[in-house]
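Computed from a prediction, not measured in an experiment: that's the story for all the values here.
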Amino acid sequence: MLKILLLGNGQLARALIECSCHFPVQITQVTTAQCRLEDTKGIRSFVIKEKPDVIINAAAFTNVELAESQPDLAWLINAAAVDDLAKLASDCGIFLVHVSTDYVFSGEGQTPWCEEDQTAPLNIYGKTKRSGEVAIMGQCEKYLLFRTSWLHSPWRRNFIKSMLTLGMTKEHLSVVSDQIGAPTSACMLAKAILHAVVVTSHKPELSGVYHVAAQGETSWYDLAKYCFSVAGSMGMVFKVKSIEPISSDDYPSVVLRPLNSRLNTDKFSRCFEMKLPEWQDDVSTTLRSLLRQLEHE
């Protein structure tokens with residue numbers, strides 16, 4: 001059994017806990033309430049106590065718009081704290097797993113981004129996440145760094161939950177149609193991470209950077225339409241009557257977001273022999289879980 005110290009308590013952390021029973025791992029979770037990522041001494045004390053084989057960092061400053069108004073905090077959590085974590089993992093000989101984002105790229109073009117492509121983040125969030133990546137790659141010999149996109153789950157705040165909530169209260173919605181990517185469930189990402197961790201424990205040469213996302217591509221606008229269609233077929237009732245596609249320029253936001261969030265996942269599928277699901281199937285799974293939650297409320 002691999003001993004894993006899991007940092008964070010967001011939607012990915014919850015998915016990792018729920019999926020762990022399917023893998024030969026033992027997870028000890030450190031929530032942000034117990035110890036924040038930027039508390040280097042606190043994290044070190046948990047490492048000394050638990051003596052993990054692997055640290056999975058699922059903690060981050062993920063509010064893209066808030067990062068613009070609170071850059072110091074975003075840099076502290078996504079960059080400085082990750083730098084300290086990388087030093088700790090390296091000093092203790094612990095395998096480090098970290099989750100990053102498509103926001104490290106410029107969002108130009110239409111070609112899916114490969115792991116080796118030039119990074120050029122557009123906003124504070126992307127810049128801080130890229131800084132965390134550089135810290136890990138520069139200090140750790142044993143690491144897995146996963147970039148993913150458009151995370152969703154039945155828990156916490158995410159696009160799918162927001163759309164369904166708005167659809168129950170508003171008749172008309174406007175959704176951006178020129179940002180393209182692949183919605184990826186926290187559950188699917190968790191399974192991919194745990195699978196890769198187990199495989200890499202026997203094949204450390206597979207350490208490195210990987211892209212993990214659902215297959216195919218869509219826009220936020222088409223994703224919203226798909227969610228309402230599938231959820232409606234499952235029995236959910238909505239007030240919304242129309243959804244208008246708008247451009248990123250027409251969407252009121254203080255932050256630039258990438259138009260091209262496509263990620264090439266060939267390297268991950270090849271190295272770890274794992275087939276990743278189509279985004280439609282992945283989203284439908286989340287919607288079914290959400291519906292079950294509503295039925296029990």
Side-chain angles (χ1 to χ4, degrees), residues 10-12 15-16 19 22-23 54 56-58 60 62 95-122 125-126 129-130 132-134 136-137 143-153 158-160 179-220 222-223 226 257-286:
Q11 54 185 339
L12 177 58
L16 284 162
C19 295
H22 302 293
F23 297 88
V54 180
I56 298 180
N57 179 30
T62 58
F95 202 98
L96 179 60
V97 179
H98 183 71
V99 180
S100 192
T101 170
D102 65 278
Y103 274 58
V104 300
F105 296 111
S106 69
E108 296 178 351
Q110 298 181 350
T111 303
W113 298 103
C114 294
E115 286 82 353
E116 300 79 14
D117 285 338
Q118 180 75 37
T119 57
L122 300 174
Y125 170 68
K129 291 296 287 183
R130 176 56 184 164
E133 290 186 357
V134 172
I136 291 170
M137 291 186 285
Y143 70 91
L144 284 170
L145 197 160
F146 297 101
R147 294 184 184 132
T148 192
S149 63
W150 298 16
L151 206 63
H152 60 85
S153 74
N158 59 73
F159 178 83
I160 291 178
Q179 296 175 21
I180 308 298
T184 303
S185 75
C187 292
M188 187 275 275
L189 178 60
K191 291 174 184 176
I193 289 173
L194 291 174
H195 172 70
V197 165
V198 172
V199 172
T200 310
S201 69
H202 302 291
K203 297 181 178 180
E205 66 273 14
L206 292 178
S207 294
V209 182
Y210 294 91
H211 291 173
V212 177
Q215 301 303 282
E217 62 184 57
T218 188
S219 67
W220 291 117
D222 287 320
L223 173 56
Y226 182 81
R257 297 173 186 265
L259 298 180
N260 177 19
S261 290
R262 302 169 180 88
L263 293 175
N264 185 317
T265 61
D266 291 346
K267 179 184 175 184
F268 176 84
S269 295
R270 180 180 68 255
C271 290
F272 295 105
E273 299 180 350
M274 181 176 178
K275 181 177 174 59
L276 300 174
E278 296 293 321
W279 71 262
Q280 294 93 332
D281 296 333
D282 208 25
V283 168
S284 295
T285 299
T286 290

> Going through the checks in order, is the side-chain contact (heavy atoms from CB on, under 4.5 Å) test met by Ile180 and Gln110?
Replying inline: CA-CA 8 Å; Ile180 308 298; Gln110 298 181 350; over 6 Å; no
> Parallel, tilted or perpendicular for Trp220 and Trp150, by the 30°/60° rule?
Replying inline: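 The arrangement is parallel - the two ring planes meet at less than 30°.
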Kindly indicate whether the side chain of [X], heavy atoms from C-beta on, has any atom under 4.5 Å from the side chain of [Y].
| X | Y | result |
| --- | --- | --- |
| Glu133 | Arg130 | yes |
| Leu12 | Ile56 | no |
| Thr111 | Asp117 | no |
| Val197 | Phe23 | no |

>> Among Asn158, Leu223, Leu151, exactly one meets side-chain contact (heavy atoms from CB on, under 4.5 Å) together with Pro183. Which residue is that?
In response: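 Between Pro183 and the candidates, side-chain contact (heavy atoms from CB on, under 4.5 Å) is satisfied uniquely by Leu223.
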>> Are more than 12 heavy atoms, taken from residues, nucleotides or ligands other than Glu116, located less than 6.0 Å from that residue's CD atom?
In response: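 More than 12 heavy atoms, drawn from other residues, nucleotides or ligands, come within 6.0 Å of this atom.
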Once rounded to the nearest 0.5 Å, what's the spacing between atom [atom1] of [X] and atom [atom2] of [Y]?
| X | Y | atom1 | atom2 | value |
| --- | --- | --- | --- | --- |
| Ser153 | Met188 | OG | CE | 13.0 Å |
| Phe105 | Gln118 | CZ | CD | 9.5 Å |
| Thr286 | Asp281 | OG1 | CG | 11.5 Å |
| Ser284 | Glu278 | OG | CD | 11.5 Å |
| Leu145 | His98 | CG | NE2 | 5.5 Å |

>> Before you tell me yes or no, could you show the steps for Ile193 and Leu144 under side-chain contact (heavy atoms from CB on, under 4.5 Å), namely the whole-Å CA-CA distance, both residues' side-chain angles and the distance that decides it to 0.1 Å?
In response: CA-CA 9 Å; Ile193 289 173; Leu144 284 170; over 6 Å; no
Under 3.5 Å donor-acceptor, [X] side chain and [Y] backbone:
| X | Y | answer |
| --- | --- | --- |
| Thr200 | Leu206 | no |
| Ser201 | Val198 | yes |
| Thr148 | Val212 | yes |
| Tyr226 | Gln280 | yes |
| His195 | Met274 | no |
| Trp113 | Asn260 | yes |
| Glu273 | Cys271 | no |
| Lys267 | Cys114 | no |

Where [X] and [Y] come nearest, the two heavy atoms and their spacing:
| X | Y | result |
| --- | --- | --- |
| Ala15 | Ala186 | CB-O, 3.4 Å |
| Ala58 | Leu16 | CB-CD1, 4.5 Å |
| Ala214 | Asp282 | CB-OD2, 4.1 Å |
| Ser149 | Ala182 | OG-O, 2.8 Å |
| Leu263 | Arg147 | CD1-O, 3.7 Å |
| Cys19 | Cys187 | SG-O, 3.9 Å |

>> One pair to check against side-chain hydrogen bond (donor to acceptor under 3.5 Å, both in side chains): Gln179 and Ser261. What are the steps and the verdict?
In response: CA-CA 7 Å; Gln179 296 175 21; Ser261 290; over 6 Å; no
> Are the charged groups of Glu217 and Arg262 less than 4.0 angstrom apart, N to O?
Replying inline: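 Between Arg262 and Glu217 there is a salt bridge, with a charged N closer than 4.0 Å to a carboxylate O.
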>> Show, in sequence, the C-alpha distance, side-chain angles and deciding distance for Leu276 and Phe268, and conclude whether the side-chain contact (heavy atoms from CB on, under 4.5 Å) test is met.
In response: CA-CA 9 Å; Leu276 300 174; Phe268 176 84; 3.9 Å; yes
